[in-house]
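Here the structure is laid out as structure tokens; the discussion comes afterwards.
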Number of protein chains: 2
Amino acid sequence: MPRKASRKTPAKSPDIRTVAALAKVSIATVSRTINGSPVVSERLAKRVWQAIHELGYLPNTHARTLVSGRSRLFGIIVENITNPFFPELIQSFEEVAVAHGYEILVSSSNSNPAILTTCVRRMLERKVDGVAVMTFGEEEPVLDQLMHRKIPIVLAEFKLQDPHCSTILLDYRSGIHAAVRHLAGLGHRHIAFLAGPHTLHSALTRENDFRAAMKTAGLPIQKNWIVECDHTLKGGVNGFDQLQALATRPTAIVCSNDMTAIGVLRAAFMKGLQVPKDLSVIGLDDIDFAEFTLPPLTTIRLSRADLARAAFEALRQQAEDPSNPHLQREFLVSTSLVMRGSTAPPVAD
Amino acid sequence: MPRKASRKTPAKSPDIRTVAALAKVSIATVSRTINGSPVVSERLAKRVWQAIHELGYLPNTHARTLVSGRSRLFGIIVENITNPFFPELIQSFEEVAVAHGYEILVSSSNSNPAILTTCVRRMLERKVDGVAVMTFGEEEPVLDQLMHRKIPIVLAEFKLQDPHCSTILLDYRSGIHAAVRHLAGLGHRHIAFLAGPHTLHSALTRENDFRAAMKTAGLPIQKNWIVECDHTLKGGVNGFDQLQALATRPTAIVCSNDMTAIGVLRAAFMKGLQVPKDLSVIGLDDIDFAEFTLPPLTTIRLSRADLARAAFEALRQQAEDPSNPHLQREFLVSTSLVMRGSTAPPVAD
DNA sequence: GATCGCAATAACATCGTTTTCACACACGCA
DNA sequence: TGCGTGTGTGAAAACGATGTTATTGCGATC
């Protein structure tokens, strides 16, 4: 029975010394017990744990970090936290990180290099053990800061020749090819692509994969049917408007991400077009919202959980076992088409 | 091996000693310079800053925290990071925090007390200077942990009798009254309310304000037109379905948040109902998506930026100036109706 | 010209851990 | 009995900053 020592306000939270005193051992033994060192005898370990619980003792991570040199903190920088893809990614990343005893530091760069720079700086100050850079953009100059200090990095889609940098390759091919095949099967020949900003690696890759898929399907690519727009709701609206202004219009639009696709849905509605009767739309990401648009969005699924797991694993390996010769430097996450209600055969001309 | 030829230095990042040596001053002077102490002569300060830049020195926050007792870290716990309201809130909170030299630790409790407990524990370990608990729920038992350790807390909507706890009152009245008035003006008499889960303070407050508004407008409240559902897309679908199962149906639905409203939009569409012709819908929050639903959602705006600023300010005051006698313990954030396309006069009976 | 006062700087203890190293002790073996 | 040989523990030195206290330099005072 834990006897409650009725002390007056202890004012300070208990530290390792308090625990040691209560358990009648040295602080070294307490430390070893907490960290699961095998050399502590069971008899003492039991006493120590009891004291820890009795006091509600929590180790001070700052002191710990200071001496061990490891913070058990991973940074994650996302492109834009306002795009639901990223909160979902963060959530998964946090889950797996916490399960392994890590904490995460989240920052959103808003595709702004200046902000990205301050994010990196702050993470450096907090001595993160690694950073997941999920911005999909041209961040090399900033990354130098990290590489120079030999902080493990994991990037998406972009390989960096650095011993502390891993990459997660996103295989859009499967998903995008399936999407184009699906549209072609429905009878579409006039397919447009709403590309993301060319400053993003992901946008470029997606666009290239779209071109390849069209070629494979034997479909012509019309130059001004590939339009560049922001990966946002508004971007989708603008992209759609550009397409509508054309003399000949596509019967289907594949979008570089779900946000633009939802923007297209909205813009088409405003123009009196009915999706999918008058226009087929396909997104990419499969954010939670995609299932709830009007009509439900057919989209190419990119698993946040898979991406998050890969990113964490890449960081963990580098942080905990940097000298391992067969450390995995490349990870692969694939995509697939999920069919909902935003695609249908084109209206007969 | 691309290792740089720096065998002499063990590749350690520069510390305060390095700076002191380069600037030929004591480490105390470096520390004072960094912290803007006025007692350092300009001559030395200049030398110190130059050395700092030359070395790319960044102070170690852990060492700093250890001795100063302040981490300059604020925790923010949100109900559900998957609801776009919260990322937007986090973004604003991060902005203002960073501007004041604070870092933030984000966690999502997913309305799960067990998860909330571990969030709090992790924040305690990281020695946060304060926690913004934006879960709107029944978290008192968990909060005890924080109060007991005298960590500043800021809550939304719920007052706690504790010297280290501030509250942000959300004034839904103005917005909800405007919404009901708006519907009444359109001719609606049969108005339903999709309430959030009764475990959330916010849901309760919103529901009560709705009842009051209906009374003020002289409209009857029918008991089974107030239905409780999750604050999620799916929750909205379920809520709508329940309402549809009723013998007499409302002509308008006010929702406890935008996610449920968007769910209603989706469910109505699936049932062949046209919004706003057949049914008017009003949401609450005004998340970015609300402008892009079909039709665009009329909703009650609750400013994330205002809420974030208030939360930060509450925490900052308590953390930096706890003995100030006129420390502000209560903050107010108001709401307002923003009209879009999801409301219209009811069809004539 | 020695003493005082004050400003600027340095020395040093401190924060709460981990980790290294030394020691005490029991054990088997010559 | 004396001597390694492991075990399990504890004492003490880091870790990198911040205060607090001591020291220095220097002009003003009597």
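Below, read A as the first sequence line, B as the second, and so on, with proteins coming before strands; counting in each chain starts at 1. Below, each value reflects all heavy atoms present in this structure, side chains not excepted, and no hydrogens, waters or symmetry copies.
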Locate the shortest heavy-atom distance separating B:V19 from B:V30; write the atom from each residue and the value. CG1-CG1, 3.8 Å

Look at the side chain of A:Q317 and the backbone N and O of A:Q328, then say whether any donor-acceptor pair between them is shorter than 3.5 Å. yes

Hey, is the main chain of B:E103 close enough, under 3.5 Å, to the side chain of B:R72 for a donor-acceptor pair? no

Partners passing side-chain contact (heavy atoms from CB on, under 4.5 Å) against B:S68 (at least two apart in sequence or in another chain): B:R70

Aromatic ring pairing A:Y102/A:F312, orientation class (parallel under 30°, perpendicular over 60°, tilted between): perpendicular

Are any non-hydrogen side-chain atoms of A:P87 and B:T82 less than 4.5 angstrom apart? no

Tell me the bend of the helix from C:dG1-D:dC30 to C:dA30-D:dT1 as the angle between end helix axes, each from five pairs, rounded to the nearest 10 degrees. 70°

Outer limits of DNA chain D sitting under 4.0 Å from a non-hydrogen atom of chain A, read 5' to 3', are D:dG8 to D:dG16

What are the residues of residues 120-129 of chain A, sorted by number, that bring a heavy atom to within less than 4.0 Å of DNA chain D? none

Counting only heavy atoms not in B:Q50, do more than 12 fall under 6.0 Å of its CD? no

Quick one: what's the B/S/- string for nucleotides 9-18 of chain C, heavy-atom cutoff under 4.0 Å, read 5' to 3'? BBB---BBBB

Mind telling me whether A:F158 and A:H201 have parallel, tilted or perpendicular rings, with 30° and 60° as the class edges? parallel

Tell me, please, which residues at least two apart from B:R304 pass side-chain hydrogen bond (donor to acceptor under 3.5 Å, both in side chains). B:E88

Around atom CD of A:E125, are there more than 12 heavy atoms of other residues, nucleotides or ligands at under 6.0 Å? yes

Rounded to the nearest 0.5 Å, what's the gap from CG on B:D321 to NE2 on B:H326? Could you check? 10.0 Å

So, A:R122 and B:E94, do they make that salt bridge, N to O below 4.0 Å? yes

